[in-house]
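For reference, the structure discussed in these notes is given below.
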Protein chains: 2
Amino acid sequence: MKILIVEDEIELLETITSYLKNEDFMCEKASTFFDAEDKLISFKYDIVILDITLPDGSGIDLLKTIKKHSPNTGVLIVSAKNSLDDKLTGLDLGADDYITKPFHLAELNSRINSLIRRRKFAGDDTIEFNEITVFPSSKTATVNGKPVELTKKEYNLLVYFITNKNKVLTKESIAEHLWGDDIEMADSYDFIYTHMGNLRKKLKKLGAPNYLQTMYGLGYKFADK
Amino acid sequence: MKILIVEDEIELLETITSYLKNEDFMCEKASTFFDAEDKLISFKYDIVILDITLPDGSGIDLLKTIKKHSPNTGVLIVSAKNSLDDKLTGLDLGADDYITKPFHLAELNSRINSLIRRRKFAGDDTIEFNEITVFPSSKTATVNGKPVELTKKEYNLLVYFITNKNKVLTKESIAEHLWGDDIEMADSYDFIYTHMGNLRKKLKKLGAPNYLQTMYGLGYKFADK
DNA sequence: TCTAGAATATGAAGATTTTAATTGTTGAAG
DNA sequence: CTTCAACAATTAAAATCTTCATATTCTAGA
């Protein structure tokens with residue numbers, strides 16, 4: 001998933017970039033109109049985060065350029081302006097979403113993810129970890145090239161772990177992520193043990209090491225060794 | 001669900017109010033600091049939508065008043081300012097969420113709903129339609145006072161219909177609302193027929209009329225007659 | 001090191017959800 | 001007024017998810 005971030009405030013540009021890199025996106029930066037235009041014509045991006053208030057040109061023109069050269073690229077407009085007109089103009093011209101400064105990075109992240117979902121960019125993309133490969137477009141996965149028969153919950157569990165590799169995930173966060181509103185928190189979470197067991201069993205059967213490590217009293221971690 | 005809207009821009013105040021009334025919230029308005037303070041002390045609200053930039057007093061002080069008199073009230077701060085400081089101050093002082101002008105009414109609505117979910121305000125609240133009563137706090141429902149044994153999907157289905165009574169809901173929107181990411185759109189939606197049938201059967205068994213009307217080729221409508 | 005209690009794992013039963021096949025219904029076109 | 005095809009309902013079976021009872025593992029503290 002390749003993202004171009006167009007933002008003239010250097011500090012904010014760096015903040016966003018390092019945050020999104022940490023979320024496992026491939027990021028490139030552009031801090032001027034011409035830099036952005038150049039990169040947009042030369043390379044293909046899945047998503048462009050576009051500040052429309054640039055000092056040396058209008059972001060709206062960049063939006064037109066994007067839609068002309070690669071109509072499948074998703075555009076998330078960032079603006080400090082309070083004008084509703086900007087918002088509407090942007091959305092009319094084909095932007096996919098709009099976020100007003102200041103914003104929390106978490107919100108930016110969630111908008112990017114909802115954009116990915118809506119547009120099904122996932123089509124071109126795979127998520128990998130050693131011998132395991134996940135294909136979001138078809139919601140399937142393979143181990144050493146052999147397909148794993150995963151149920152919906154197991155698939156979601158695997159994706160959640162693989163996209164948060166090397167991080168300890170608590171049962172609470174797993175429950176929140178996979179079940180959301182449907183689950184009353186502070187319940188027993190017993191079912192997670194079951195799903196973990198089933199997922200481990202299926203991955204093991206196809207020859208993957210047990211990456212799903214139990215961190216006693218803390219949660220689980222998906223990692224090597 | 002009782003909501004107080006504190007906003008000095010009269011036009012916006014009216015817009016928000018009529019929108020939220022249409023979403024079946026009980027709304028009251030306050031356009032000045034003193035009006036708001038008066039109402040906050042005299043009545044109990046589940047949620048306060050609070051513009052912190054009032055001409056005759058600081059919204060931050062109102063926030064303190066709210067937290068002092070009724071700590072369980074949820075507060076959604078509205079601000080035109082771009083300052084991150086305001087946001088943090090507000091959240092530190094006990095606000096539950098923050099939205100920057102300008103915003104779409106749909107976004108306001110979704111934030112209110114997520115606030116309701118998080119705080120479990122639903123505890124005090126019921127949703128009713130003739131002989132049917134839904135208790136969000138326990139995720140249960142009754143018909144003529146007799147409990148209906150509903151599964152999770154059936155419960156969600158009933159809530160979605162009853163909170164959108166008299167509106168035609170397409171199979172697509174039902175699928176999106178109940179299954180969200182977990183479902184690939186443009187699928188068959190066959191399972192909705194099954195769930196509809198099961199829900200109808202259970203409601204009928206307890207003596208409720210068939211409110212779940214089929215709108216051939218369009219979807220379903222939950223309504224009288 | 002040993003032990004008790006908490007945390008996690010496992011397997012099978014029970015409940016729910018989804019699929020699939022069949023039957024019934026609707027409304028537009030002839 | 002028919003016919004036909006799309007839409008919807010119904011039912012049973014299959015798959016999945018959750019619960020429950022039991023077993024195992026882990027860790028802090030004796």
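A note on names: the letters A, B, ... follow the listed sequences, proteins ahead of strands, and every chain is numbered from 1.
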>> Which is more 5' along DNA chain D, the nucleotide nearest Y216(A) or the one nearest L150(A)? Just name the residue.
In response: L150(A)
> Expressed in angstrom and rounded to an integer, what is the separation of N156(A) atom CG from dT16(D) atom P?
Replying inline: 14 Å
> What is the nucleic acid contact for Y220(B), judged by heavy atoms within less than 4.0 Å: base, sugar-phosphate only, or nothing?
Replying inline: sugar-phosphate
>> If I take atom CG in residue L178(A) and atom P in nucleotide dT18(D), what distance separates them, rounded to the nearest angstrom?
In response: 9 Å
>> Looking at dT10(C), I'd like to know if its phosphate oxygens (OP1 or OP2) sit under 4.0 Å from a side-chain N or O belonging to R200(A).
In response: no
> Ignoring hydrogens and angles, does a donor from either the side chain of T194(A) or the base of dT19(D) sit under 3.5 Å from an acceptor on the other?
Replying inline: yes
> Mind checking whether F129(B) and Y211(B) have parallel, tilted or perpendicular rings, split at 30° and 60°?
Replying inline: perpendicular
> Separation of Y189(B) atom OH from dT19(C) atom P, in whole Å?
Replying inline: 13 Å
> OH of Y193(B) versus P of dT25(C): gap in Å, rounded?
Replying inline: 15 Å
>> dC17(D), OP1 or OP2 - any side-chain N/O from K152(B) closer than 4.0 Å?
In response: no
> Please give, in whole Å, the distance from dA8(D) C1' to D190(B) CG?
Replying inline: 10 Å
> Does OP1 or OP2 of dC7(D) have a side-chain N or O of K171(B) closer than 4.0 Å?
Replying inline: no
>> Show, in sequence, the C-alpha distance, side-chain angles and deciding distance for R111(B) and D97(B), and conclude whether the salt bridge (Lys or Arg N to Asp or Glu O under 4.0 Å) test is met.
In response: CA-CA 8 Å; R111(B) 296 214 185 195; D97(B) 203 354; 3.3 Å; yes
> Near E11(B) CD, under 6.0 Å, is it more than 12 heavy atoms from other residues, nucleotides or ligands?
Replying inline: no
> Going by the angle between their ring planes, with limits at 30° and 60°, are Y220(B) and F161(B) parallel, tilted or perpendicular?
Replying inline: perpendicular
> Should W179(B) be listed as having a side-chain N or O under 4.0 Å from OP1 or OP2 of dT17(C)?
Replying inline: no
>> Nearest whole Å is fine: how far is dA15(D) P from K153(A) NZ?
In response: 19 Å
>> Please report the distance, rounded to the nearest Å, between NZ in K201(B) and P in dT16(C).
In response: 14 Å
> How far does CG of L40(A) sit from OH of Y45(A), to the nearest 0.5 angstrom?
Replying inline: 6.5 Å
>> How many whole angstroms separate atom CD of E172(B) from atom C1' of dA8(D)?
In response: 14 Å
>> Test salt bridge (Lys or Arg N to Asp or Glu O under 4.0 Å) on E154(B) and K202(B); report intermediate values, then the result.
In response: CA-CA 10 Å; E154(B) 287 158 7; K202(B) 290 186 180 177; 2.7 Å; yes
> Do Y19(A) and E14(A) have side-chain atoms, one donor and one acceptor, less than 3.5 Å apart?
Replying inline: no
>> Can you pull out the residues from residues 206-215 of chain B that lie within a 4.0 Å heavy-atom distance of DNA chain D?
In response: T214(B), M215(B)
> Closest to the H195(B) side chain: dT18(C), dT19(D), dC17(D)?
Replying inline: dT18(C)
>> By nearest atom, which of the nucleotides dC7(D), dT17(C), dT18(C) is closest to the T151(B) side chain?
In response: dT17(C)
